[in-house]
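Take a look at the structure set out below.
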2 protein chains.
Amino acid sequence: MKTIALPDRDERLVLVFKALGNPLRMQLVRYMAEHPQCITGDLVAASHLAQSTVSEHLKVLREAGVVAGTVEGPARCYCLNEDTLRWLREEVAALTQELEACCAPEMEETACC
Amino acid sequence: MKTIALPDRDERLVLVFKALGNPLRMQLVRYMAEHPQCITGDLVAASHLAQSTVSEHLKVLREAGVVAGTVEGPARCYCLNEDTLRWLREEVAALTQELEACCAPEMEETACC
DNA sequence: GTGCTCCATCGTATTTTTACGATTATCGGG
DNA sequence: CCCGATAATCGTAAAAATACGATGGAGCAC
């Protein structure tokens, strides 16, 4: 807690959550899930927003490791980073499990949970 | 896409991601995972921030359904909402699976992914 | 080289988030 | 009923995120 920095793991986790915690970026991610080989221009067209805006959002997703963008001729081909998504799923699962180990069996009346 | 609202599912997903996409809130969640019966005051003490600040963050987590706060005498007992975390894990898993169904086997050279 | 297409970055205005102190509300104990 | 303890809410200031047009840069065709 306090002023001390978060462990790298949580820092990355927060970065990924923050990247996914925006409506447009969520839509971009969904679009990429449905269109595995898409280019920035496709995403711009689908979003109905300015090209620069979409580009900024793609940067956030890139920096969080949620997507990868490879140069494909003059364009850039974007796709989701499966490793990150798998890692994210496991981190969320770990949170749940940590809980079950604590709150699990017979403490119904002891307190809130 | 466009100006049309997101489906409820994505709206909720964004809300949860946004709630978790903040360093302090992440720390609060971790604290709750380790201390299943904690009170607002505990979280305030651990965070070294003003009580009102922590209370606002707890509100964000509550409204996203990430935590539940039950009245426990004059205090409020907070704990993680396991249902939400399980749901979140499944949503993330669904994203990954959707991808694997598309990009899966032998398209190594066709494009970026 | 010139030009063209595609995209990232820059500068800026607007909106949202964050953090704080002060205030208000609620629950018990006397 | 009044009090003390515990938290939520309000008002405000500072910081960050968002969206845009304009500019700049990299790749390819010619």
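Below, chains carry the letters A, B, ... as their sequence lines are ordered, and counting in each starts from 1.
What separates CD of B:Glu63 from C1' of C:dT17 is a distance of 14 Å, to the nearest Å. Atom CD of B:Glu56 is separated from atom P of C:dG21 by 13 Å (rounded to the nearest Å). Rounded to whole angstrom, the span from the CG atom of A:Leu58 across to the C1' atom of C:dC7 amounts to 10 Å. Taking atom CD of residue B:Gln27 and atom P of nucleotide C:dT18, one finds them 14 Å apart after rounding to whole Å.
B:Thr84 contributes a side-chain N or O that, together with a main-chain N or O of B:Gly65, makes up a donor-acceptor pair within less than 3.5 Å.
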Distances under 3.5 Å only, N/O to N/O: pair up the protein atoms with those of nucleotides 22-28 of chain C.
none

Taking only N/O atoms, report every protein-nucleotides 13-18 of chain D pair under 3.5 Å with atom names and distance.
residue	atom	partner	partner atom	Å
D:dT18	OP1	A:Asn22	ND2	2.8
D:dT18	OP2	A:Arg25	NH1	3.1

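Every residue two or more places apart in sequence or in another chain that forms a side chain to side chain donor-acceptor pair (under 3.5 Å) with A:Arg25 is listed here: A:His57. With sequence neighbours excluded, no residue forms a side chain to side chain donor-acceptor pair (under 3.5 Å) with A:Arg89. Residues passing the salt bridge (Lys or Arg N to Asp or Glu O under 4.0 Å) test with A:Glu56: none are found, sequence neighbours excluded.
A salt bridge does not link B:Arg9 to B:Glu90: none of the charged side-chain nitrogens sits closer than 4.0 Å to a carboxylate oxygen. Between B:Arg86 and B:Glu82 there is a salt bridge, since at least one side-chain N of the basic residue sits less than 4.0 Å from a carboxylate O of the acidic one.
A continuous path of ILVMFWY side-chain contacts below 4.5 Å connects A:Leu95 to A:Val16, so both sit in one hydrophobic cluster.
Considering only side-chain N and O atoms, B:Tyr78 lies nowhere under 4.0 angstrom from the phosphate OP1 or OP2 of D:dT6.
With axes fitted over five pairs at each extremity, the angle between the ends of the helix from C:dG1-D:dC30 to C:dG30-D:dC1 is 20° (10° resolution).
When distances are taken from the side chain of B:Ala50 to each of D:dA19, D:dA8, C:dC20, the shortest belongs to C:dC20.
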